[in-house]
Amino acid sequence: MSMKKVYPLIIFLITFSVLGILYIQMSWIKNALYVKQEEYLNQLDKTLDDVRQIAHNSFINAEGFNPAQLDDEIKESIIFTKFTAQTIPAEEMNMIIVQAMKNQGIKQPFEFCITNIFNNPISASQGFTGSMFAESINIRLTPAASAQPETFFLYVKEPKNYIMRQMASMIIASILFTIIIISAFALTIRTMLRQKNISEIKSDFINNMTHELKTPLATISLAVDALNNEKVIHDTDKIRYYSGMIKEENKRMHKQVETILQAAKLEKQEDLNLNIQSLDAHAAIDKVAKNLSLQIQEKLGELHLNLIAEKSMIDVDEMHFSNIVFNLLDNAIKYSKDAPIIHITTMVNNGMLAIKIKDNGIGMNRETASRVFEKFYRAHTGNLHNVKGFGLGLSYVKTMVEAQDGYIKLESVLGKGSTFTVNMPLSKINNHEV
Ligand code: ADP
């Protein structure tokens, strides 16, 4: 299966399972909430039972018996004939309730009230009000068949989200983990999509290379044919012209091959073999600018050199430094819709020499700008079809700038132009103020 088909499948599978996990987790939490709620109601029921039980025992005790030693039947008959909560003082009742709640692990504040057959309170906590009846749970304190029924009302102060709060840490943790999973997933997908698949890169590269080498080869072949022409063979001027052409095309091919070889070499960083020497950056930039001036003229462009840094000696490998400037300037010329206007400015910035190469070309959007230093990356340059390259130039530039302790920055606005700034450390010894 090709990578192109694998990506959507992976994205689909992961999205599907993340949604599934979310769903399961949510229903699980909902379930847990429900179970907790049930458990709480159950605890309250048991509390009522306990209150009744303890109240009965306390009454029997007050009658002068030990409830633990008393026969169940006798106990029941005493309760049936004599029990009334009126004999239990409110403070004792309060203690009984605290005890019963403690048995069930409930710590909420409460109020209580006990009513007689006429629904009149016979005992109550101080804070109990009439409106609490509706929200209280209750139990008959007296036996079912009693002629003087007494009812116990318990009002538990229940903050609305009591159960929710008990489970808050769990819910928060699960939300947090879900967010982490989703962001990690998003990040993975982003990275995945950014990675142009290898076979695509390979075929792009081969297409580019074929094109780059085919043109000079065709030209050379034509020139050789011309040289073999009877009329030409005796014309020294023509021979010179055609052999010059062959030489030019050969040079061009050489440059292409050099680019590819350079890129291959960069793979093995340790083999860079830098020949670091003190170099006057201004002189080197000047030289590169001269080499490219013909190309700029051809496009009716302008190059403005503004080499005004007060120090310009840097410790670099001359060949690589020139290549860096060449690549940037070459791109500035290549990626312009019409006449390129290019400014090269130098300045000293935090002990570094900043070399700014500013063009008014096609510019880049943010996505492109963040990727141009990647090997083989090439933006789709819209109507600039004729601009060919391997997408290796800027990755070479960045690698070499960094190998020489510098750094490169890019600012670009789509349709307006780009500014590359190379910062190289100034030479420590050879710099004197000018
Ligand atoms: P190449 O020029 O061979 O394609 P580079 O690595 O030099 O490779 O550049 C990579 C890509 O960056 C180019 O294909 C182009 O899309 C973009 N780019 C580079 N320089 C500029 C520039 N000055 N203006 C606009 N786009 C640029």
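Heavy atoms only: backbone and side chains are in, while hydrogens, waters and symmetry mates are out. We count ligands from 1, going down the list as the structure has it; atoms in each ligand are counted the same way.
Comment: K255 does not engage E258 in a salt bridge, judged by the lack of any side-chain N to carboxylate O separation of less than 4.0 angstrom. E411 and K358 are not joined by a salt bridge, as no carboxylate oxygen comes within less than 4.0 angstrom of a charged side-chain nitrogen.
For the pair G361 and ligand 1, no heavy-atom separation below 4.0 Å is found. By the 4.0 Å heavy-atom criterion, N327 is excluded from the residues contacting ligand 1.
Close N/O approach between Y335 and ligand 1 is found [any backbone or side-chain N/O within under 3.5 Å].
For the pair R140 (side chain) and P149 (backbone), a donor-acceptor distance under 3.5 Å is absent. Distance alone, capped at 3.5 Å, places no donor-acceptor pair between the D359 side chain and the G417 backbone.
Taking every non-hydrogen atom of G393 and a distance limit under 4.0 Å, the qualifying atoms of ligand 1 come out as 5 (P), 6 (O), 7 (O), 8 (O). Remark: ligand 1 atoms within the under-4.0 Å shell around heavy atoms of A379 are 14 (O), 16 (O). Within ligand 1, the atoms closer than 4.0 Å to a non-hydrogen atom of L392 are 6 (O), 8 (O), numbered from 1 in the order shown. For ligand 1, the atoms lying closer than 4.0 Å to a non-hydrogen atom of G391 are 1 (P), 3 (O), 4 (O), 6 (O), 8 (O). Interface of S418 with ligand 1, defined as ligand atoms under 4.0 Å from a residue heavy atom, comprises 22 (C), 24 (N), 25 (C). Near Y377, meaning under 4.0 Å from any of its heavy atoms, are these atoms of ligand 1: 10 (C), 11 (C).
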Exercise for the section: Step by step, work out the side-chain contact (heavy atoms from CB on, under 4.5 Å) result for L328 and V397. Expected result: CA-CA 8 Å; L328 293 175; V397 166; 4.3 Å; yes
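With T368, L394, V372, I333 as candidates, the residue nearest to atom 5 (P) of ligand 1 on a non-hydrogen basis is L394.
Considering only residues two or more places apart in sequence or on other chains, F373 meets the ring pair (Phe, Tyr, Trp, His ring centres under 6.0 Å) condition with none of them.
With F128 as the partner, the ring-ring contact (aromatic ring centres under 6.0 Å, His included) test is satisfied by one option alone out of F153, F110, F133: F133.
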